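Note that the coordinates shown come from a computational prediction; the quantities given were computed from them, not determined experimentally. Each chain gets a letter, A, B and so on, in the order the sequences are listed, and its residues count up from 1.
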Number of protein chains: 2
Amino acid sequence: MENLRNKILSYTPVNVADMDYIFQFYRKIRLRKGGKLIKPGDRVDCFYYLDVGCVNYYKLEQGEIKVLEFYTEDVFFTDLNAYVLDKPATYFLEATEDTIVYAIEKINVEKAFRMSHQLERFGRLSMQDAFVRTFTRIERLNNRTYEERYLRLLNKRPSLIQRVPQYLIASYLGLTPVGLSKIRKRLVKN
Amino acid sequence: MENLRNKILSYTPVNVADMDYIFQFYRKIRLRKGGKLIKPGDRVDCFYYLDVGCVNYYKLEQGEIKVLEFYTEDVFFTDLNAYVLDKPATYFLEATEDTIVYAIEKINVEKAFRMSHQLERFGRLSMQDAFVRTFTRIERLNNRTYEERYLRLLNKRPSLIQRVPQYLIASYLGLTPVGLSKIRKRLVKN
DNA sequence: CATTTTTATTAAACCAGTTTAACGACTTAA
DNA sequence: TTAAGTCGTTAAACTGGTTTAATAAAAATG
């Protein structure tokens, strides 16, 4: 759990007692490829830290898969909408490969944040960080063509293209598998 | 500043002393229509609360306006990317009508959050709230057609359509003024 | 390793948007 | 009160994607 500890400390200093306090609540979860943390209808009462692997955050709409995000090494994640608002999940959180995450229950998160000002601050700053990353995503969705989005992904997260099947990448970019295939063809020609 | 006080208290209880402490830092800003809080290149060192009016959060890209969000009554906002990362702004924050906001400097936000666990918690929860709203925006951008997006906006923020010129609405929805005009025509026919 | 299943490519027809340009209505300023 | 600018609509030609379907290639399975 050394990675998780360093991740927390990357946001703000936390004294050893407070760190130990929150760590008592974390439990390790191993997922095989295809294993799910959350599926629609589930209660979402955990916040996760992705240590090893990749988790696909997606929903099914009229049978069609809509990928919202791929969470990879060293990020916090959950189905935040459902988690925050205590609503049943509408998304899946599913491992695209063998994956290790650490989970902490919401009730214990709240306990830890109430008990420690430093942990509360960690909570605020990590949320701020999540916000900024999400916002950047909106910027891209709004302003770029599909080709530019694909090239950007290729550049920013090259390993993702290797790890994840192309039809999921297509969905993540907001187009069809056929559409992505055409873009790729266009790119090699030029 | 009663609205601002209630907004803060809607997230978490804050004792009077701590509330007074943070309130000493807020200052009122009046903007005429077209007035700007931020423009590209500016240092973004304030967090704002919109009391009355409407602020357009947009950028210019090859001379073309790209609207990311309209902030209206009773929300916190800033150019968060620039604010958090201490980078120069790339966006405008511009009043689309006469507007009143309250501003607090980043340095004083940090002071208040360090001084008070309750205020720190308010900071975390308001950030969480902002995240959820932003995330909802991504969902819409990803999954819906332009027509559905327009209908949703009409339904969710009907006043916005009245207050803001149509070419800005078009940009917010991610299409051209011509495109939006065609959609509107299609809708009245059916 | 042979079979089945899953994934990626290609082609053809189609369509919801874009771009450009012209026009009319409304607003603003001199 | 005319002139200039802004805003929304329409039309025509275009384009970058979609859909559907067939096929090929690769991966999983017994």
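- Between Arg124(A) and Glu110(B) there is a salt bridge, since a side-chain N of the basic residue sits under 4.0 Å from a carboxylate O of the acidic one.
- Under the 30°/60° scheme for interplanar angles, the aromatic rings of Phe25(B) and Tyr21(B) are found to stand perpendicular.
- Within 6.0 Å of CZ in Arg30(A) there are 12 or fewer heavy atoms belonging to other residues, nucleotides or ligands.
- In summary, contact between chain A and DNA chain C, defined as any nucleotide atom under 4.0 Å from a heavy atom of the protein, begins and ends at dT7(C) to dA11(C) in the 5' to 3' direction.
- Shown here is Arg43(B), whose CZ atom has no more than 12 heavy atoms of other residues, nucleotides or ligands within 6.0 Å.
- Under 4.0 angstrom from either OP1 or OP2 of dT18(D) there lies at least one side-chain N or O belonging to Thr176(A).
- Atom P of nucleotide dT15(D) and atom CD of Glu147(A) are separated by 15 Å, given to the nearest angstrom.
- Between Phe92(B) and Tyr58(B), the angle of the ring planes stays under 30°, which puts this pair in the parallel group of the 30/60° scheme.
- dT9(D) atom P lies 13 Å from atom NZ of Lys182(B), rounded to whole Å.
- Taking the six-membered ring where the residue is Trp, Phe77(A) and Tyr71(A) present parallel rings, their angle staying beneath 30° rather than reaching 60°.
- Classified by interplanar angle (parallel below 30°, tilted 30° to 60°, perpendicular above 60°), the ring pair Tyr49(B)/Phe76(B) is tilted.
- Dashed line: the shortest gap from a side-chain N or O of Gln166(B) to OP1 or OP2 of dT6(D) is not under 4.0 Å.
- The rotation axes computed at either terminus of the helix from dC1(C)-dG30(D) to dA30(C)-dT1(D) lie 50° apart, taking five pairs at each end and rounding to 10 degrees.
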Response to the item:
Protein-proximity profile, nucleotides 23-30 of chain D, B/S/- by nucleotide at the 4.0 Å heavy-atom cutoff, equals -----S--
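- The side chain of Val178(B) sits closest to dA11(D) out of dA11(D), dC7(D), dG17(D).
- Ile107(A) and Leu80(A) are not part of a single hydrophobic cluster, where members link through side-chain heavy atoms under 4.5 Å apart.
- For dG17(D), the OP1/OP2 oxygens have a side-chain nitrogen or oxygen of Arg186(A) closer than 4.0 Å.
- Arg149(A) and Leu173(A) make their closest contact through NH1-O, 2.7 Å (heavy atoms, listed as atom of the first residue, atom of the second, distance).
- Remark: P of dC7(D) and CD1 of Ile169(B) are 13 Å apart, rounded to the nearest angstrom.
- Lys185(B) comes within contact range of the sugar-phosphate backbone alone, with a heavy-atom separation under 4.0 Å but no base atom that close.
- Atom-to-atom, CZ of Arg149(A) to P of dG16(D) comes out at 15 Å; the value is rounded to the nearest Å.
- Between Phe23(B) and Tyr26(B), the ring planes are tilted. Angles from 30° to 60° get that label.
- Remark: Lys106(B) does not engage Asp45(B) in a salt bridge, criterion side-chain N to carboxylate O under 4.0 Å.
- Leu175(B) comes within contact range of the sugar-phosphate backbone alone, with a heavy-atom separation under 4.0 Å but no base atom that close.
- Remark: P of dC7(D) and CD1 of Ile161(B) are 16 Å apart, rounded to the nearest angstrom.
- Leu141(B) is not connected to Tyr172(B) by any chain of hydrophobic side-chain contacts under 4.5 Å among Ile, Leu, Val, Met, Phe, Trp and Tyr, and they are in different clusters.
- If you take CG of Leu187(A) and P of dG17(D), they are 10 Å apart, rounded to a whole angstrom.
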